[in-house]
J.: 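Before we start, here is the structure in question, set down as structure tokens.
Just so it is clear, the structure is predicted and the values come from calculations on it, not from any experiment.
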Amino acid sequence: MITGAEAMLRALLAEDVNTVFAYPGGSIIKVFDALYDHQKDLKQILVRHEQGATHAAQGYARVSGRTGVAIVTSGPGATNTITGISDAMLDSTPIVVIAGQVGTDALGTDAFQEIDLVGVTQPITKWSYQIRRAEDIPWAVARAFYIAGSGRPGPVVLDFTKTAQMQQIDFKPARIDYVRSYIPAPDPIESQINDAVQLIDGSKKPLVLVGHGVELGNAEKELAAFIEKGDLPAARTLLGLSALTSDHPLNMGMLGMHGNLAPNVKTNECDVLIAVGMRFDDRVTGTLDTYAKQAKIIHLDIDKSEFGKNVKPDVTVLGDCRLTLKLITERMAKASHKEWIESFKPLDKEEYDKVIDSAIHPAGGPLKMGEVVTAVSDAAPQNAVLVNDVGLNQMFSSRYFRYRTPRSIVTSGGLGTMGFCMPAAIGATFGAPERTVLAFMGDGGFQMNIQELGTIMQTQAPVKMILMNNTYLGNVRQWQQMMFQSRYSCTHMMNPDYSKIAAAYRIPYRLVTDRKELKSAVDDMLKAKGAFLLEAAVMDEENVMPMIKPGSPVDKMIFQIDN
């Protein structure tokens, strides 16, 4: 017989969990006492804030393909995880959050640090459950991991009462691979496959939109085989950027508001649009009433709720894209679309001449974000992971980083969470310890979870931090310039001395202000054995271009802001 707290940890081990991101407290202290005896088989990462625990679990999950785990206490400890849980839900990231809760006799009494966590999190999770009895632990944990990691992944919350933690149980691990009424990966439907093949074979100007679902389904090889057989140009969403290598000849660039010109323009010229594992987010489509009206649309997804939610498809293909892509590829004809693919090149040249060249090869003046990202990407190992925050740093780093291997981008897409990067990068170092983790942040996002420098110091997580400091909340400032006559309200930032902050956390640091020193500074960072903070003083009012203005069609991109 063992305690429920010990049973929880053994249940995690039965799910092959090897790392937990945690912050203790009164209502979960029994679990932390049990953790004391599991220091050899469970890495226990003490974060500095519960939001950091959830983002770290996300970073771990995104690079490893496993389910991330966060353990926190009740009340404020639990509510501090809400942002990370929401982020995981919108970006389909498998995490399990285990939160302490008051004893069952105190439930509903407004006891100290009691909160109805199940009620709070039900709308933002795949499943949220309160464990009141120790005997339910094996079942609840097995079910949690099955739901979180299967089908379209997402977050699960287990609200773990003190009563269940302290009760005795004769523990036997459970295995769950079926939940009634839950079909994580529906079997492909023959008629849907055939309808998709017919449209693809008849197309003259096809375009594939590659989403996060390709990586979630480990379907990178199937995607490559599909587009190569059909000679299909492909563009990627923000979360799908590393599903196709940057140098693949059929890779036409990044979609969306700050994506590349050619794929956005060609979206409104193609005759067949094939969306794979993506949800037609508003940042990808622009205004819906002008989006791809000329095209027949094929939508492949594992989640049928995405069909027709934003864009009405002509053909839906329900199922795991690793299988559905394979079936379509087997049946479709080998094709060539040379003339159509060549038509992307003038648009690529236009974007390069108007934006990219000056972004990565500036003639003078202050450092620019694009050249900093390019310098880091060029010097980094082939399997490096890009983790970024939200704002201009996110758009510049996502645009100019070179993706060479799968699962190479960890970013907050749907929720757009500032402060995501640092804890997510910490988690990524534990999820893929053999890879170099590059964390690009702006000065705003860096300070939102700056306390996690303490986690880096204590765990020696080798996060290579690139702080692109423009002394502004840059993305909001750009919108203020564009739509509010440069009335910069609450966007200019007075920043601390980051060298002293780095020193306080015993993290090597270097400031670069001159582009002549950029290469040597990047080399210093990459040669460092552990963590490193590279601060780049970049242009204060630089804008990320081209851009689809809010409310504009996807093919109407601007290259500059007219004041």
Side-chain angles (χ1 to χ4, degrees), residues 4 7-9 11-17 20-21 27-28 31 50 53-55 57-58 60-62 65-74 77-101 104 107 115-161 163-165 173-186 212-213 216-217 279 301-306 320 414-415:
M8 172 61 72
L9 300 182
L12 294 180
L13 290 169
E15 297 294 334
D16 294 324
V17 173
V20 296
F21 302 93
S27 290
I28 198 71
V31 172
E50 292 88 356
T54 52
H55 292 327
Q58 287 179 272
Y60 174 94
R62 294 271 283 273
R66 299 160 64 93
T67 298
V69 178
I71 303 178
V72 302
T73 194
S74 63
T79 58
N80 281 343
T81 67
I82 299 302
T83 297
I85 293 169
S86 304
D87 197 291
M89 188 66 178
L90 283 174
D91 286 351
S92 302
T93 305
I95 64 171
V96 172
V97 176
I98 300 162
Q101 182 57 279
T104 55
L107 290 172
I115 194 74
D116 180 6
L117 186 61
V118 171
V120 169
T121 58
Q122 275 184 334
I124 54 171
T125 55
K126 287 187 73 177
W127 186 51
S128 188
Y129 180 76
Q130 186 175 79
I131 303 174
R132 299 188 179 191
R133 306 180 304 170
E135 63 191 78
D136 294 334
I137 292 169
W139 168 84
V141 172
R143 182 182 171 103
F145 276 80
Y146 175 64
I147 292 173
S150 62
R152 181 179 184 173
V156 168
V157 166
L158 293 178
D159 193 36
F160 195 18
T161 64
T163 304
Q165 294 174 42
R175 282 292 176 193
I176 288 181
D177 57 11
Y178 170 77
V179 174
R180 188 170 55 125
S181 77
Y182 171 58
I183 304 173
H212 192 202
L216 292 173
R279 55 192 175 87
D301 209 286
I302 201 168
D303 183 357
K304 66 180 180 181
S305 71
E306 289 298 339
D320 185 334
L415 197 62

J.: Quick check for you: to the nearest 0.5 Å, what is the distance between R132 atom CZ and F160 atom CZ?
T.: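 Nearest 0.5 Å value for the CZ-CZ distance: 14.0 Å.
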J.: For the residue pair N80 and V72, establish whether any side-chain heavy-atom pair is separated by less than 4.5 Å.
T.: no
J.: Please check if the distance between the ring centroids of Y182 and W127 is under 6.0 Å.
T.: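 They do not qualify: ring centres at least 6.0 Å apart.
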J.: Is there a side-chain contact between Q130 and L107 (heavy atoms, below 4.5 Å)?
T.: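 With C-beta onward as the side chain, the pair touches.
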J.: Do you know which two heavy atoms are closest between T93 and A61, and how far apart they sit?
T.: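 Shortest heavy-atom separation between T93 and A61 comes out as CG2-CB, 3.9 Å.
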J.: May I have the step-by-step check of side chain to side chain contact (heavy atoms under 4.5 Å, CB included) for I98 and L12, ending in yes or no?
T.: CA-CA 11 Å; I98 300 162; L12 294 180; 3.9 Å; yes
J.: Would you confirm whether Y146, through its side chain, and D177, through its main-chain N or O, come within 3.5 Å as a donor-acceptor pair?
T.: yes
J.: Got a second to check how far H55's NE2 is from T83's OG1, nearest 0.5 Å?
T.: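 Spacing of NE2 (H55) from OG1 (T83) equals 6.0 Å.
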J.: Side chains of I82 and I124: does their closest heavy-atom pair fall under 4.5 Å?
T.: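 In contact.
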J.: Is it the case that more than 12 heavy atoms not belonging to L13 sit under 6.0 Å from its CG atom?
T.: yes
J.: Taking all non-hydrogen atoms of both residues, which atom of A164 and which atom of I131 are closest, and how far apart?
T.: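 Result for this residue pair: CB-O, 3.6 Å.
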J.: Test side chain to side chain contact (heavy atoms under 4.5 Å, CB included) on I71 and M8; report intermediate values, then the result.
T.: CA-CA 11 Å; I71 303 178; M8 172 61 72; over 6 Å; no
J.: Are E15 and V96 packed together at the side-chain level, in the sense that at least one heavy-atom pair is separated by less than 4.5 angstrom?
T.: no
J.: Can any side-chain N or O of R152 pair as donor or acceptor with the backbone N or O of G213 at less than 3.5 Å?
T.: no
J.: Could you check if a side-chain atom of V69 sits within less than 4.5 angstrom of a side-chain atom of F145, using non-hydrogen atoms only?
T.: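 With C-beta onward as the side chain, the pair touches.
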J.: Between V120 and T79, is any pair of side-chain heavy atoms under 4.5 Å apart?
T.: no
J.: What's the shortest heavy-atom distance between P94 and G149, and which atoms?
T.: CB-CA, 4.1 Å
J.: How long is the gap from OG1 on T121 to CD1 on I115, to the nearest 0.5 Å?
T.: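 The CD1 atom of I115 is 11.0 Å from OG1 of T121, to the nearest 0.5 Å.
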J.: Is any side-chain heavy atom of I95 less than 4.5 Å from a side-chain heavy atom of Y60?
T.: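 No - every pair of side-chain heavy atoms lies 4.5 Å or more apart.
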J.: Could you check whether any side-chain N or O of D91 sits under 3.5 Å from a backbone N or O of G414, counting only pairs where one atom can act as donor and the other as acceptor?
T.: yes
J.: Ignoring hydrogens, what is the shortest heavy-atom contact between A99 and L117? Give both atom names and the distance.
T.: CB-CD2, 3.4 Å
J.: Can any side-chain N or O of T125 pair as donor or acceptor with the backbone N or O of V156 at less than 3.5 Å?
T.: no
J.: Determine the minimum heavy-atom distance between P153 and K126, stating which atoms define it.
T.: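 Heavy atoms only, the tightest pair is C-CD, 3.9 Å.
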J.: Is there a donor-acceptor pair closer than 3.5 Å between any side-chain N or O of T73 and the backbone N or O of S27?
T.: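 Pair found, side chain donor or acceptor close to backbone of S27.
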J.: What's the spacing between I302 CD1 and S150 OG if we round to 0.5 Å?
T.: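 That separation rounds to 8.5 Å.
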J.: If you take all heavy atoms of A174 and A142, which pair is closest and at what distance?
T.: O-CB, 3.5 Å
J.: Applying side chain to side chain contact (heavy atoms under 4.5 Å, CB included) to T54 and D87, what does each step give before you reach the verdict?
T.: CA-CA 9 Å; T54 52; D87 197 291; over 6 Å; no
J.: Look only at the side chain of D301 and the backbone of D303, and say whether a donor-acceptor pair between them is shorter than 3.5 Å.
T.: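 Checked: pair present.
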J.: Going from CD1 on I28 to CD on Q165, what distance comes out if it is rounded to the nearest 0.5 angstrom?
T.: 4.5 Å
J.: Taking the side chain as every heavy atom from C-beta outward, state whether D116 and V118 have any atom pair closer than 4.5 Å.
T.: yes
